[in-house]
2 protein chains.
Amino acid sequence: MSTGPAFKRLPRAVRQQQMLDSAVRIFSRRGYHSASMDEIAEAAGISKPMVYAYLGTKEELFVACLHREGTRMMEAIAGAAAPDLPADERLWRGLRAFLGFVGAHRDGWAVLYRQARAEQSLARELTVMRARLVEVVAGMLNHALRAEGRQVADTELEVVAYALVGASESLADWLADHPEADPEKTATQMMNVAWLGAGQLLHGVTWRPAGMPATRRHRTTPGPGAERGAASGGPPPVTP
Amino acid sequence: MSTGPAFKRLPRAVRQQQMLDSAVRIFSRRGYHSASMDEIAEAAGISKPMVYAYLGTKEELFVACLHREGTRMMEAIAGAAAPDLPADERLWRGLRAFLGFVGAHRDGWAVLYRQARAEQSLARELTVMRARLVEVVAGMLNHALRAEGRQVADTELEVVAYALVGASESLADWLADHPEADPEKTATQMMNVAWLGAGQLLHGVTWRPAGMPATRRHRTTPGPGAERGAASGGPPPVTP
DNA sequence: GAGCATACCTACTCGTGCGTAATGTTACGC
DNA sequence: GCGTAACATTACGCACGAGTAGGTATGCTC
């Protein structure tokens, strides 16, 4: 009586989003199994039956989280890598968008991802997402290859694409565990190793992001003598 | 009467190994949480209290599994990549050993790895393992750099090493999910993208394992499939 | 303000599975 | 042969957490 309504009544759509927000937080913090529905409900400022009424079982709730976050991420990437750009530029933008997104969602995204990979029953949604990503990357590579009149078996391409995506995922994990790290810088370094390769890097060749100094975007000029200011030993390849 | 003693009495060391074998199998098949101690005990042909007596709690048991498998893997890698070889050769051998190991243990290793990453409480052991791997790779890169009189900050090196290790881990996952895939071939492809980079690959530059081009070592392994002929339609860049 | 639908709650059931106490049983020393 | 200690089993305590039943308050429409 004295306190009044205590808690507000909110429309379903809003509450659902609140629940998903809390669920992502809790799942990330505790892991899928250790997270209890009670805790999630409490974090959302709501009681458990409401969660069941709106989002279904625990598994369905988790998949809903994964789906929402995954869709957001995909949109971020797709929006960044326009299909009419050269391959390295697309790769760079996609990478930047990806790591940028993860960096902005730190504890949120990467952990969901890890959880989903571990649990058989949750892996389906994730598999679809990653398959789309690999497909995009493979398509990009294929496109670039055709432009050069070359051709490669799909399986080969898939492995390369998978390696690229996998390396990015791992760096996403790394980012999640290193709050002080800069996504932008990490993306550049990843781009260096992915596009140029470790061998080139060791010889001092570097790739640089949006090329403003020279006309060319990257120096494929072979030859061990690096003409970067890298000799100073300070800044690695490139800092955007 | 017909069965006789039913179950044999075995020395502790042997039983422990049996238990670990079963535990790895069950954990891999079911996942950490879904695996029950009863099932593991049954698979080992033993009863539950024995498991507790020898290996402790469920968590301790899992860590023991991870530790044993991880140590074996580390030994395989360390034994392959001698420190007095050139960087690319070391990377190649390490990669080969790593993916070869995973390929030989398919369901065993990769799944343990995934489980461990998901669960906070299990991650410690894994973190140590991976840190050692990253350290090795970073050390290798650093060594190669010094040989050229160049120098790079440790953090930069770590990121590159992490990307390399991460990409390899992802391919290990891929291998685990693709029983028909050939670890050797996958390792070569990984080496291509890691050492040469996607940019070089797209231009048709390829890396090849040993110094000899047409000798044994690792031909494209025609394999059973007729239409899978990698040699058809010109020399693809990625094929060794 | 009556009637209805929707948002929301407290308090419970019930299965599951970790970890252990009480209890045989086999092998070896003497 | 007979004690004894390591080996092995059955059966249970107990906590925890997913999912639900049934009831209450609030807003909306007429």
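Convention: sequence-line order gives letters A, B, ...; per-chain numbering from 1.
Counting only distance, with no hydrogens or angles, the side chain of A/Arg93 and the backbone of A/Ala82 share no donor-acceptor pair below 3.5 Å. The closest donor-acceptor contact from the side chain of B/Arg117 to the backbone of A/Arg114 lies at 3.5 Å or more, if one exists at all. A/His105 places a side-chain N or O within donor-acceptor distance of the main-chain N or O of A/Phe101, the cut-off being under 3.5 Å. A donor-acceptor distance shorter than 3.5 angstrom exists from the side chain of A/Glu60 to the backbone of A/Thr57, with no hydrogens or angles considered. Side-chain atoms of B/Gln189 do not come within 3.5 Å of backbone N or O of A/Val159 as any donor-acceptor pair. A/Arg30 places no side-chain N or O within 3.5 Å of a backbone atom of A/Ser36 that could act as its donor or acceptor partner.
With sequence neighbours excluded, the residues that form a side chain to side chain contact (heavy atoms under 4.5 Å, CB included) with A/Ser168 are A/Leu95, A/Phe98, A/Met190. Under the rule for a ring pair (Phe, Tyr, Trp, His ring centres under 6.0 Å), the partners of A/His178 that lie at least two apart in sequence or sit in another chain are A/Trp174.
Shown for residues 50-63 of chain B: residues whose heavy atoms fall under 4.0 angstrom of DNA chain D, namely B/Met50, B/Tyr54. Within residues 17-38 of chain B, no residue is approached by DNA chain D to less than 4.0 Å at the level of any non-hydrogen atom.
Counting only N and O atoms by type, the side chains of B/Gln120 and A/Arg29 include no donor and acceptor under 3.5 Å apart.
The heavy-atom pair separating B/Ala118 from A/Gln115 by the smallest distance is O-NE2, 2.8 Å.
With distances taken from any side-chain atom of B/Pro49 to the nucleotides C/dG19, C/dC9, C/dA21, the minimum falls on C/dA21. Listed nucleotides: C/dC8, D/dT10, D/dG19. Nearest to the side chain of B/Ser47: D/dT10. Picking from C/dA7, C/dC18, C/dT10 the nucleotide with the shortest atom distance to the side chain of A/Arg12 gives C/dA7.
Spacing between atom CZ of A/Arg15 and atom C1' of C/dT6 amounts to 13 Å, rounded to whole angstrom units. In this structure, NZ of B/Lys48 is placed 13 Å from P of D/dC12, rounded to the nearest angstrom. Rounded to whole angstrom, the span from the CD atom of A/Glu39 across to the P atom of D/dC16 amounts to 14 Å.
Helix-axis bend for the helix from C/dG1-D/dC30 to C/dC30-D/dG1: the local axis fitted to the five terminal pairs at one end deviates from that at the other end by 0°, rounded to 10°.
The list of ring-ring contact (aromatic ring centres under 6.0 Å, His included) pairs with a residue in residues 31-50 of chain A, not counting sequence neighbours, reads A/Phe27-A/Tyr32, A/Tyr32-A/Phe62, A/His33-B/His33.
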